[in-house]
Asker: 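After the C-alpha cells below, expect a handful of questions from me.
All ligand and atom numbering here is 1-based and tracks the order in the structure. Just so it is clear, the model here is predicted, and its values are computed rather than measured. For reference, positions follow the sequence shown, starting with 1.
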Amino acid sequence: MSRKDKKFEVQVFHSPEDLTSAAADLFLEESRRRIQERNSFTTALSGGTTPRALFQLLSKPPYLPAVEWSKIHFFWGDERSVPPSHADSNYRMAKENLLDQVDIDPNKVHRMETESDPLEQAALAYEERLRRVLTSNRAPEPSLDLILLGMGGDGHTASLFPHSAALNEKNRWVVPNYIESMKTWRMTLTAPFLNRASTIVFLVTGADKASRLKEVIEGPPRPMEWPSQLIQSENGRLIWMVDEAAASKLS
Ligand code: 6PG
C-alpha cells in the first residue's frame, strides 16, 4: 500500500522563509485556540537547523506580543546525550533562540535531562512529567497539542534512527535510544506517543532532502529504514511543510 493512501497533508512553500512564516502562523493559531479552550497549550520542540529559523521568527513581533508565552508547556521531541550548556543541546538551541527572548513560565519548560545517568531513569521521569502535565489537561487520552519535527537525510525523525531499538517500542512514551551509526545515546519520544498529538508538523527544507522525502512520502512502507514513516496521526492532523527544493522530486 502506498503512503498516498494515508492521512496527511503536504504543503509546499516557495522558499524556506515562506515555510517558516507559515509554521509560525500555525504555532500562533494553535496556541490561541488551545489557550482559549483550556488556558494552556502543550508543544514539543525539535532540534536541527529548520526550527532555529522558526524560533527566531517567533521571538520577534508580530508573534512575540501575540503569543501567550506564559501559558505554554514546552517539551522536546528528542535530546542528544549532552549537558544543557553544550553546543549540541536541543534545549540550548531553543533556549537561546526562543525561550530566553520571550516571557515564559520557567515551571513549564520541561527539558530532557540527558546528562543524567542512568538515562533510562531520566526517560521514565520525563514520561512521568508528561503524564502529570497532560492528564491535568482533561484530554480523554493524554497527548500533546503540537509537535514540531524535522526529517534527517537518512529518514530519521526526533531520535528515531533507522534500525534503532526505539522503533519497536509500542507502550513507552519516552525511551533512551542507542544510535549505532553515531555510537551515541539519545532520548526520544516514541512514535506511538507522537502519533497521538493533535497536530504534528514536519519542517523539511533543501534539495539534499528531496530523494528521501519522496521515498518517505510516496515510497513503499519501510519504516525500519525510513523511521519518519512511523509518524501517522491517529486522530489529528499530520502536515508536511516542505520547501520547493525538498519537494522537487514529489509527483
Ligand atoms: C535532532 C533532531 C532531528 C532533526 C533532523 C532534521 O536532534 O537532530 O531533533 O530529528 O529534526 O535531523 O534536522 P535539520 O532540520 O537540521 O535537517
Asker: According to the interplanar angle, ranging from 0 to 90°, do the rings of H110 and H73 count as parallel (below 30°), tilted (30 to 60°) or perpendicular (above 60°)?
Answerer: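 H110 vs H73 ring planes: parallel.
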
Asker: Of all residues at least two apart in sequence or in a different chain, which pass the salt bridge (charged side-chain N to carboxylate O under 4.0 Å, His left out) check with D243?
Answerer: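 D243 satisfies salt bridge (charged side-chain N to carboxylate O under 4.0 Å, His left out) with no residue once adjacent residues are dropped.
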
Asker: Do you know which of E30, Q36, E37 makes side-chain hydrogen bond (donor to acceptor under 3.5 Å, both in side chains) with R34?
Answerer: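 Option passing the side-chain hydrogen bond (donor to acceptor under 3.5 Å, both in side chains) with R34: E37.
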
Asker: With a 3.5 Å cut-off and no angle check, do the side chains of N177 and S164 form a donor-acceptor pair?
Answerer: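 A donor-acceptor contact under 3.5 Å links the two side chains.
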
Asker: Taking only residues at least two apart or on different chains, which pairs with a member in residues 45-63 satisfy side chain to side chain donor-acceptor pair (under 3.5 Å)?
Answerer: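 Every side chain to side chain donor-acceptor pair (under 3.5 Å) pair that includes a residue of residues 45-63, provided the two are not neighbours, is D25-Y63, Q56-N97.
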
Asker: Who else is in the cluster with I179 when I, L, V, M, F, W and Y are joined by side-chain contacts under 4.5 Å?
Answerer: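 Grouped by the 4.5 Å side-chain rule, F161, M182 form the rest of the cluster around I179.
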
Asker: Contact residues of ligand 1 with a heavy-atom cut-off of under 4.0 Å?
Answerer: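 These residues qualify: G47, G48, T49, T50, D78, R80, N90, G150, M151, G152, H156, T157, A158, R186, K209.
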
